J.: 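What follows is a single structure, and I will ask about it in a moment.
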Amino acid sequence: MFELEDAVKQCLDRLVRFRRQHQRIGEQNTKAGLIEPIIGALGWDLFDVDEVHREYRRRGADNPVDYALLLLRTPRLFIEAKGLGENLDDPRWANQTISYATVAGVEWVALTDGAEWRVYNAHAPVPIEHKLFRAVRLEEDFEGAVELLSLLSKENMRDNRIEELWKSYFVDRQVHAELRKLFEAGEPAPEMVAMLARRLGRLTRDEVRSSLVRVRASFDFPSSAASATGSGTGPAVVVRAAMPPAAAPPVLPTPRPPRSQPPGSATRRTAKRPVSDAERAIKLVDLIRAGRLRPGTKLYAKYLGKQYVAELLADGTIRYGNRTHASPSAAGEAVKIDVYGPEISATRRATDGLDFWSAEDARAGDVVALKEIRRRVAIGSGA
């Protein structure tokens, strides 16, 4: 695991350098600098053609796949590589490799340009667009990248542990879709109203229906990757659907920090929730006045596998480095400019600062995103 983390960090450093220098390095350099180091760190022998077969053809007339990873000389995973910056959304790349994998009897396919990895189940009995298992960008989710790539290790492919997670994910995705239908149609499903009215004998159906219209529902399907990857880093698949907030939404559970979280470090980001007008009206200075944040509190952000620290000032501004920033978003943008340089694109620079920075909730004593602290104040939570 530590070898993989080191390899991902090295690839991240190269990515930052390539982006800063506006380099287009092409497919072969992408393979050598960003893809093969990952394959090697996953325990595959890059120098043994019986384990890592480049330009693999099942038959002489077939188009080659960039990499076939083999166990007992049998392909278990195809990797299709593209040059850094290529458009992985082009359906040709996934369709071509998945179709070939289906014919070759290979269940798992990865598509990557070195910066992003997408993993597909070629044998899933669904349309190609639903065969995607997980996708992750190294620059945006270091821990998620390590977690996903761990499933492609030689050991885990031998034990077929990715299949265990896929089965849970495949079922959960279908259940999740039906649950969303029950709540997102605008009018609660009649069968749900009837069931609750039976269970709540003192309430009428109209009362139950009105309550369901106001509800904000969150569906969480954690499928721990700890047993599959040995990482113990938490949920591998989390699918959530949130309804628009009601006038008085219920208190939602506080996100739990990941395993082995050092004191003062930021918690892992949680799935997006709708933000109410009441929340949007709350500023950092209001959180200070409410006693949730203290002047001088340290703010923490984890970006590209590194932790950054800023300081909250008494007037609600933020000091990062040698400069004071008017908002969390401006401070978050400053971090990205330090990483990528002043030529960073506007799209990459844009930052949701309240989600980017975390701090200790002075009342609850836990370290959570500023957005979560703001939510607690908005709903009057005593958490």
Side-chain angles (χ1 to χ4, degrees), residues 2 5-6 8-17 19-20 137-147 233-234 254-270 272 282-344 348-377 383:
F2 293 116
E5 290 179 354
D6 288 343
V8 173
K9 288 177 181 177
Q10 290 172 9
C11 289
L12 276 172
D13 289 341
R14 294 186 187 115
L15 281 168
V16 170
R17 186 171 73 252
R19 307 260 196 224
R20 184 176 293 164
R137 294 187 61 83
L138 273 61
E139 297 162 284
E140 296 175 0
D141 187 359
F142 174 82
E143 292 181 353
V146 172
E147 187 177 273
T233 54
T254 300
R256 291 173 296 179
R259 183 184 68 89
S260 301
Q261 179 186 4
S265 65
T267 58
R268 182 177 293 188
R269 298 289 175 240
T270 56
K272 300 289 185 183
I282 297 173
K283 308 302 180 186
L284 281 190
V285 70
D286 297 318
L287 301 182
I288 295 174
R289 292 168 182 159
R292 291 288 190 163
L293 294 175
R294 297 190 180 97
T297 289
K298 298 298 183 184
L299 307 182
Y300 303 93
K302 195 166 186 181
Y303 188 65
L304 301 186
K306 297 181 180 179
Q307 182 167 282
Y308 297 86
V309 181
E311 180 183 1
L312 176 65
L313 303 182
D315 61 357
T317 59
I318 295 172
R319 180 185 293 126
Y320 169 71
N322 297 321
R323 297 187 59 187
T324 298
H325 303 274
S327 69
S329 295
E333 290 180 7
V335 170
K336 294 184 178 181
I337 291 172
D338 282 350
V339 173
Y340 291 100
E343 302 302 319
I344 181 175
R348 187 177 296 279
R349 186 174 66 245
T351 304
D352 180 350
L354 292 175
D355 200 44
F356 187 82
W357 295 102
S358 296
E360 181 181 356
D361 183 331
R363 183 178 300 177
D366 54 349
V367 177
V368 293
L370 294 177
K371 183 174 289 186
E372 170 64 15
I373 298 176
R374 183 183 69 173
R375 185 194 67 81
R376 293 175 181 179
V377 171

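Small disclaimer: the values here were computed from a predicted structure and weren't measured.
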J.: Looking at every heavy atom in both G353 and L370, which two are closest together, and how far apart are they?
T.: O-CD1, 4.4 Å
J.: Got a second to check how far R374's CZ is from D355's CG, nearest 0.5 Å?
T.: 10.0 Å
J.: Out of curiosity, R294 CZ to I288 CD1, how far, rounded to the nearest 0.5 Å?
T.: 11.5 Å
J.: I'd like to know whether R376 forms a salt bridge (charged side-chain N to carboxylate O under 4.0 Å, His left out) with E372, so could you lay out the CA-CA distance, the side-chain angles of the two residues, the decisive distance to 0.1 Å, and finally the verdict.
T.: CA-CA 6 Å; R376 293 175 181 179; E372 170 64 15; 3.1 Å; yes
J.: Grab the two heavy atoms, one from R323 and one from H325, that are nearest each other, plus how far apart they are.
T.: O-CD2, 3.7 Å
J.: Hey, is the main chain of V309 close enough, under 3.5 Å, to the side chain of K298 for a donor-acceptor pair?
T.: no
J.: Can you measure from CG (L12) to NZ (K306) and round to the nearest 0.5 angstrom?
T.: 8.5 Å
J.: Which heavy atom of D366 sits nearest a heavy atom of V368, and at what distance?
T.: OD2-CG1, 3.6 Å
J.: Taking all heavy atoms of V16 and all of V339, pick out the closest pair and write down the distance.
T.: CG1-O, 3.3 Å
J.: Mind checking whether V377 and D286 have side chains closer than 4.5 Å, heavy atoms only?
T.: no
J.: To the nearest 0.5 Å, what is the distance between NZ (K302) and CG (D141)?
T.: 9.5 Å
J.: If you draw a 6.0 Å radius around CZ in R17, do more than 12 non-hydrogen atoms from other residues or ligands fall strictly inside?
T.: yes
J.: Minimum heavy-atom separation for A359 and I373, please, with both atom names.
T.: O-CD1, 3.9 Å
J.: For the NZ atom of K283 and the CG atom of L354, what is their distance to the nearest 0.5 Å?
T.: 9.0 Å
J.: Please check: side-chain N/O of K9 versus main-chain N/O of F142, any donor-acceptor pairing under 3.5 Å?
T.: no
J.: Going through the distances and angles, do R319 and T317 end up as a side-chain contact (heavy atoms from CB on, under 4.5 Å)?
T.: CA-CA 7 Å; R319 180 185 293 126; T317 59; over 6 Å; no
J.: Please tell me if the side chains of W357 and T351 come closer than 4.5 Å, counting only heavy atoms from C-beta onward.
T.: no
J.: Are L284 and I318 packed together at the side-chain level, in the sense that at least one heavy-atom pair is separated by less than 4.5 angstrom?
T.: yes
J.: Answer yes or no: is there a side-chain heavy-atom contact under 4.5 Å between E139 and R19?
T.: yes
J.: Under a 3.5 Å threshold, yes or no: a donor from one side chain and an acceptor from the other, between D338 and Y320?
T.: yes
J.: Can you tell me how far the CD1 atom of I337 sits from the CZ atom of R349, to the nearest 0.5 Å?
T.: 5.5 Å
